[in-house]
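Position 1 is the first residue of the sequence; numbering continues from there. Since the model is a prediction, treat every value here as computed from it, not as a measurement.
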Amino acid sequence: MRRRPAAGRPPKLDDAQVEQVRAALEQGAQAHGFEADLWTLERVGTVVERVAGVVLSRASVWRLLTGRLGWSLQRPERRAVERNESEIARWIAHEWPRIKRGP
């Protein structure tokens with residue numbers, strides 16, 4: 001039995017380009033001029049185009065991130081910037097039991 005070459009279209013990015021993209025993404029989104037340090041498929045696609053000169057569809061960007069780079073989807077927790085953990089703990093310890101008991 002002889003081994004066959006992989007069927008289908010060859011990837012647009014070679015291994016060296018994928019490593020360049022990985023290094024660029026690890027710098028963070030703000031290092032590439034985006035306001036928030038949050039990656040979206042569109043932003044990653046823009047960075048891939050800048051770094052490797054290759055335009056990828058959203059689906060191809062997803063396959064690059066999950067398949068070749070081994071990254072996964074992670075969503076930031078939605079919390080208020082003004083959140084005060086010590087005040088919340090105080091409220092839970094003192095106010096909540098009083099409210100729960102009733103007058």
Side-chain angles (χ1 to χ4, degrees):
M1 292 207 245
R2 275 184 257 147
R3 186 170 184 202
R4 290 184 179 178
R9 184 181 191 140
K12 289 185 176 182
L13 298 174
D14 61 26
D15 292 340
Q17 289 172 313
V18 170
E19 287 308 312
Q20 288 176 336
V21 170
R22 178 192 308 270
L25 295 178
E26 287 175 349
Q27 293 173 354
Q30 289 180 326
H32 294 280
F34 299 108
E35 281 186 34
D37 208 15
L38 178 71
W39 286 114
T40 64
L41 293 177
E42 289 80 10
R43 288 180 176 186
V44 173
T46 301
V47 171
V48 168
E49 189 173 354
R50 288 179 194 165
V51 171
V54 176
V55 177
L56 297 177
S57 67
R58 292 181 77 217
S60 295
V61 170
W62 178 252
R63 282 192 299 273
L64 169 68
L65 290 173
T66 58
R68 294 186 74 185
L69 294 177
W71 290 15
S72 63
L73 173 66
Q74 299 187 6
R75 296 199 172 141
E77 291 184 24
R78 298 204 179 268
R79 288 196 174 168
V81 176
E82 304 86 10
R83 186 176 170 102
N84 183 340
E85 296 296 333
S86 62
E87 181 62 22
I88 292 169
R90 186 204 61 78
W91 188 89
I92 290 172
H94 300 288
E95 300 297 325
W96 176 241
R98 183 181 59 79
I99 293 169
K100 195 172 178 182
R101 277 193 312 263

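Closest heavy-atom contact between A93 and P97: O-CG, 3.3 Å.
For E49, the salt bridge (charged side-chain N to carboxylate O under 4.0 Å, His left out) test picks out no residue, with sequence neighbours left out. Residues satisfying the salt bridge (charged side-chain N to carboxylate O under 4.0 Å, His left out) test with R83, not counting sequence neighbours, are E85. Residues passing the side-chain contact (heavy atoms from CB on, under 4.5 Å) test with N84 are S86, E87, sequence neighbours excluded. The salt bridge (charged side-chain N to carboxylate O under 4.0 Å, His left out) search around R63 returns none, not counting sequence neighbours. Listed by chain and residue number, A59, S60 satisfy the side-chain contact (heavy atoms from CB on, under 4.5 Å) test with S57 (two or more places apart in sequence, or in another chain). By the side-chain contact (heavy atoms from CB on, under 4.5 Å) test, R58 pairs with L41, E42, sequence neighbours left out. For the salt bridge (charged side-chain N to carboxylate O under 4.0 Å, His left out) test, no residue two or more places apart in sequence or in another chain qualifies with R50. For L73, the side-chain contact (heavy atoms from CB on, under 4.5 Å) partners two or more places apart in sequence, or in a different chain, are W62, R75.
Residue pairs satisfying the salt bridge (Lys or Arg N to Asp or Glu O under 4.0 Å) criterion with at least one member in residues 10-24, sequence neighbours excluded, are listed as follows: D15-R68, E19-R22.
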Name every donor-acceptor pair, under 3.5 Å, that has one atom in a side chain of residues 31-39 and the other anywhere in the protein, sequence neighbours excluded.
{"unit_1": "H32", "atom_1": "NE2", "unit_2": "A24", "atom_2": "O", "d": "2.8"}
{"unit_1": "H32", "atom_1": "NE2", "unit_2": "Q27", "atom_2": "OE1", "d": "3.4"}
{"unit_1": "D37", "atom_1": "OD1", "unit_2": "A29", "atom_2": "N", "d": "2.7"}
{"unit_1": "D37", "atom_1": "OD1", "unit_2": "Q30", "atom_2": "N", "d": "3.3"}
{"unit_1": "W39", "atom_1": "NE1", "unit_2": "L25", "atom_2": "O", "d": "3.3"}

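Chaining together hydrophobic side chains whose heavy atoms lie under 4.5 Å apart leaves V55 on its own.
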